Number of protein chains: 2
Amino acid sequence: MGPSHAQDHIIAERHRREKLSQGFIQLSAVIPGLKKMDKASVLGNAVKYVKELQERVKALEYQTAKRTIESVALVKKSKLSVDDGGSSSNKNNSDGAENSFPEIEARLSDKTILVRIHCENHKGVMVKVLSEIEKLHVTVTDASIMSFAGSTINITVMAQASSYFYTGQL
Amino acid sequence: MGPSHAQDHIIAERHRREKLSQGFIQLSAVIPGLKKMDKASVLGNAVKYVKELQERVKALEYQTAKRTIESVALVKKSKLSVDDGGSSSNKNNSDGAENSFPEIEARLSDKTILVRIHCENHKGVMVKVLSEIEKLHVTVTDASIMSFAGSTINITVMAQASSYFYTGQL
DNA sequence: ATGGACACGTGAAGC
DNA sequence: TGCTTCACGTGTCCA
């Protein structure tokens with residue numbers, strides 16, 4: 001048994017070490033904010049960073065999915081709006097903001113509905129709004145109303161949707 | 001020099017090896033679809049997987065940002081109210097890894113300010129918002145915060161402006 | 001036998 | 001000064 005084999009073993013092990021040393025370098029290169037260049041620290045921070053990325057991806061995917069539904073809700077908003085367009089007539093209204101109300105915005109995520117209404121402060125608007133919302137067979141979980149500039153109010157309503165909201169069937 | 005130091009050295013090195021061996025195990029645990037459990041393969045696949053996640057996050061962030069802009073555009077398009085002085089405040093964060101824009105809407109009537117913010121639900125956002133508003137030397141008269149879809153919150157703040165808000169002079 | 005992968009003990013270098 | 005981290009050579013196991 002010549003010593004050639006032993007030397008080959010040494011060289012092979014040297015190659016292996018060099019290879020995974022470069023692996024550590026490449027790994028530490030893709031991890032941002034790396035203070036310690038320790039091998040153990042690199043591995044630990046790599047695990048932490050991968051978990052963060054996975055969580056972030058999951059959150060972003062969830063968000064994008066919900067955003068799509070929200071967009072649909074936003075489009076549906078024009079159907080709920082009393083008036084749209086009409087930019088030809090009221091251009092020179094210095095008194096302002098009389099005919100543009102009510103301004104309604106709806107967001108939908110899963111079964112949670114967020115409705116924001118900015119309109120004139122008339123008597124019974126809150127009751128009217130809540131009764132309209134009740135017709136949708138949703139459960140109002142939170143609602144706030146703020147008087148703004150005396151003549152207008154800002155209503156924010158949070159509600160939980162039932163299956164009727166989607167199917168229209170009781 | 002007793003042999004205790006030499007033995008301690010051996011033990012220490014043993015601990016170190018065990019530590020980073022567990023590091024390899026933990027790392028390989030968070031990497032899906034791992035065929036080879038080689039140390040070198042773990043490192044290589046970790047690098048590849050991290051790059052994939054980073055690319056995916058970047059794409060998703062771009063998508064969400066685009067969706068957000070589209071949503072805001074939709075809202076602005078359907079909005080007929082008097083819009084004056086759209087202010088967008090973007091603070092410079094040291095981390096620089098911030099994403100997805102908050103949706104900020106401000107209304108001003110005489111000395112009454114109505115601010116509505118729809119953003120991600122991070123810890124301390126309410127405090128941040130209120131501190132930022134306080135810097136404007138306004139008096140917050142009413143504020144409501146609603147958690148929506150778990151990941152986002154809807155903040156509505158009503159405040160009274162002081163002369164500093166207009167003149168910048170105390 | 002042959003090559004690849006691993007853990008071990010050991011000497012050296014950096015705070 | 002010790003404590004830590006690293007690379008090295010070596011023995012061993014497995015396909």
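Chain identifiers are assigned alphabetically (A, B, ...) following the order of the sequence lines, protein sequences preceding nucleic acid strands; residue numbering begins at 1 within each chain. None of these values were measured; they are calculated from a predicted model.
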Hey, does the side chain of Lys19(B) come within less than 4.0 Å of dT5(D)'s phosphate (OP1/OP2), counting only N and O?
no
Within the distance-only criterion (no hydrogens, no angle test), does the side chain of [X] pair as donor or acceptor with the backbone N or O of [Y] below 3.5 angstrom?
{"X": "Glu61(B)", "Y": "Leu60(A)", "answer": "no"}
{"X": "Gln54(B)", "Y": "Val30(A)", "answer": "yes"}
{"X": "Thr141(B)", "Y": "Met158(B)", "answer": "yes"}
{"X": "Ser28(B)", "Y": "Phe24(B)", "answer": "yes"}

Quick check: on DNA chain C, is the nucleotide nearest Arg14(B) upstream (toward 5') of the one nearest Asp38(B), or the reverse? Name the residue that is more 5'.
Asp38(B)
Taking all non-hydrogen atoms of both residues, which atom of Val42(A) and which atom of Met37(A) are closest, and how far apart?
CG2-O, 3.9 Å
May I have the distance from Ile11(A) (atom CD1) to dT2(C) (atom P), rounded to whole angstrom?
16 Å
Separation of atom CZ in Phe24(A) from atom P in dC6(D), rounded to whole Å
8 Å
What nitrogen or oxygen pairs link the protein and nucleotides 10-13 of chain D at under 3.5 Å?
{"residue": "dG11(D)", "atom": "N7", "partner": "His9(A)", "partner atom": "NE2", "Å": "3.4"}
{"residue": "dG11(D)", "atom": "O6", "partner": "His9(A)", "partner atom": "NE2", "Å": "2.8"}

Hunt down any stem DNA chain D takes part in, defined as 3 or more consecutive Watson-Crick or G-U pairs whose two distances are each under 3.5 Å.
C:4-15 with D:2-13
Can Glu13(B) and Arg17(B) be counted as an ion pair, charged N to O under 4.0 angstrom?
yes
